[in-house]
Amino acid sequence: MLKKIQEWRGKETSKSLSLKEEIMKHPIPEHIAIIMDGNGRWAKKRALPRVAGHHEGMKTVRKITKAANSLGVKVLTLYAFSTENWKRPKLEVDFLLKLPEEFLGTFLPELIEENVQVRLMGNKTDLPDHTLRAVEHAMDQTKENTGLVLNFALNYGGRDEILRAVKALADDVNENRISSDQLTEEIFSEYLFSNLLPDPDLLIRTSGEIRLSNFMLWQLAYAEFYFTDVLWPDFNENNLYEAINSFQLRGRRFGGI
Ligand SMILES: CCc1cc(N2CCCCCC2)n2ncc(-c3ccc(F)cc3)c2n1
């Protein structure tokens with residue numbers, strides 16, 4: 001039995017290595033965005049509380065961040081907390097909002113070592129001080145890093161983001177800081193939380209759900225979408241390579257022929 005498990009693991013490793021070698025021969029998506037779904041279901045399958053799934057999902061964040069950085073991905077955006085998540089039970093929300101400090105408390109030295117730059121995308125005002133302090137400390141400690149930009153979407157909603165951008169733009173027009181005929185898609189993008197970041201090339205959503213859930217509605221206009229039944233806590237490097245391989249096999253036309 002043990003021999004069979006070792007043989008299987010060997011096959012998995014060699015499959016993963018050969019797939020990594022294969023995708024490294026072709027352009028790697030510059031910006032990958034991930035809707036990290038399936039944490040609650042992962043816990044339920046094991047008769048564990050939902051928060052156990054969130055905690056396991058946090059370990060996957062580290063695994064996939066390292067894998068993406070190793071591939072030369074420039075930006076990895078992770079949908080960690082949506083504006084809709086406030087509707088969940090208070091205990092679960094409180095647990096979720098403690099995860100950034102737990103993750104950074106453990107892995108910030110490793111992120112610094114790996115030249116990763118931490119960034120926040122979302123409405124900061126409603127986040128608890130302890131959460132914001134941890135994230136802003138990490139952003140400050142990594143602001144000079146030039147490797148992967150690890151962009152956490154926290155208290156983020158696509159419609160909230162667009163509405164805030166429109167309001168700020170309307171103020172600028174009213175104050176004559178810009179005229180509407182000067183407005184371009186590029187200038188509008190600067191009003192979004194994701195300003196200065198390239199749009200995602202590849203969106204990955206785990207756990208079999210096939211919808212956007214109010215995520216990066218403007219920025220995903222031309223992204224390739226990859227949906228997998230794998231639950232986020234089970235998502236591994238090989239699953240990432242499979243998503244990138246699928247991306248590379250598609251011919252992107254950006255609306256052209
Ligand atoms: C605020 C909610 C939340 C949830 C969460 N989960 C739970 C749901 C999704 C699966 C992953 C684990 N993670 N995992 C890392 C972070 C994190 C966020 C910012 C940061 F700077 C460093 C780490 C995180 N944040």
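Heavy-atom basis, side chains included; hydrogens, waters and symmetry copies ignored. Start at 1 and go down the list; that is how both ligands and their atoms are numbered.
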Original post:
Which of the numbered atoms in ligand 1 are below 4.0 angstrom from a heavy atom of Phe103?
Top reply: 22 (C), 23 (C)
**OP:** Distance to 0.1 Å, residue and atom name: give those for the protein heavy atom nearest to atom 6 (N) of ligand 1.
**Re:** Leu99 CD1, 3.5 Å
Subject >> Value rounded to 0.5 Å, distance of CG in Leu132 from CG in Asp126 >> reply: 11.0 Å
**OP:** Verify, without hydrogens or angle tests, whether Arg41 (side chain) and Ser207 (backbone) share a donor-acceptor contact under 3.5 angstrom.
**Re:** yes
Original post:
When you measure from atom 9 (C) of ligand 1 to every protein heavy atom, which one gives the shortest distance, and what is it?
Top reply: Asn39 ND2, 3.7 Å
Subject >> Option set Gly53, Ser82, Ala80, criterion heavy-atom distance to atom 4 (C) of ligand 1, minimum >> reply: Ala80
Subject >> Salt-bridge present (Asp94, Lys90; N to O < 4.0 Å) >> reply: yes
**OP:** Give the atoms of ligand 1, by number and element, whose distance to some non-hydrogen atom of Trp232 is under 4.0 Å.
**Re:** 10 (C), 11 (C)
Subject >> Pair listing, salt bridge (charged side-chain N to carboxylate O under 4.0 Å, His left out) test, anchored in residues 66-75, at least two apart >> reply: Lys66-Glu110, Lys66-Glu114
**OP:** Take Asn115 and Thr146 through the side chain to side chain donor-acceptor pair (under 3.5 Å) test and state the conclusion after the steps.
**Re:** CA-CA 6 Å; Asn115 194 25; Thr146 56; 2.9 Å; yes
Original post:
Numbering the atoms of ligand 1 from 1, which are under 4.0 Å from a heavy atom of Val61?
Top reply: 11 (C), 14 (N)
Subject >> Subset of ligand 1 atoms that lie under 4.0 Å from at least one heavy atom of Leu96 >> reply: 1 (C), 2 (C), 3 (C), 7 (C)
Original post:
What are the two closest non-hydrogen atoms of Tyr191 and Ile187, and how far apart are they?
Top reply: CD1-O, 3.3 Å
Subject >> Region of Thr131 engaging ligand 1 - heavy atom pairs below 4.0 Å >> reply: neither
Original post:
With respect to atom 21 (F) of ligand 1, which of Phe107, Phe152, Tyr79 exhibits the smallest heavy-atom separation?
Top reply: Phe152
**OP:** Would you mind listing which atoms of ligand 1 come within a distance below 4.0 Å of any non-hydrogen atom of Pro100?
**Re:** 1 (C), 17 (C), 18 (C), 19 (C), 20 (C), 22 (C), 23 (C), 25 (N)
Original post:
Which of the atoms of ligand 1 are close to Val135, meaning less than 4.0 Å from one of its heavy atoms?
Top reply: 21 (F)
Subject >> ligand 1 contact on Thr60 by region, counting heavy-atom pairs under 4.0 Å >> reply: neither
Original post:
Which of the atoms of ligand 1 are close to Leu104, meaning less than 4.0 Å from one of its heavy atoms?
Top reply: 21 (F), 22 (C)
Original post:
With a cut-off of 4.0 Å, which atoms of ligand 1 are near a heavy atom of Gly57?
Top reply: 11 (C), 12 (C)
Subject >> Ile112 backbone acceptor or donor facing Thr142 side chain under 3.5 Å >> reply: no
Original post:
What pairs of residues pass the ring-ring contact (aromatic ring centres under 6.0 Å, His included) test when at least one of them lies in residues 43-88, not counting sequence neighbours?
Top reply: Tyr79-Tyr156, Tyr79-Phe215, Phe81-Trp86
Original post:
Which class fits the ring pair Phe225 and Phe227: parallel under 30°, tilted 30 to 60°, perpendicular over 60°?
Top reply: perpendicular
Subject >> Contact partition for Leu120 relative to ligand 1, non-hydrogen atoms under 4.0 Å >> reply: neither
Original post:
Less than 4.0 Å between a side-chain N and a carboxylate O, is that true for Arg133 and Glu136?
Top reply: no
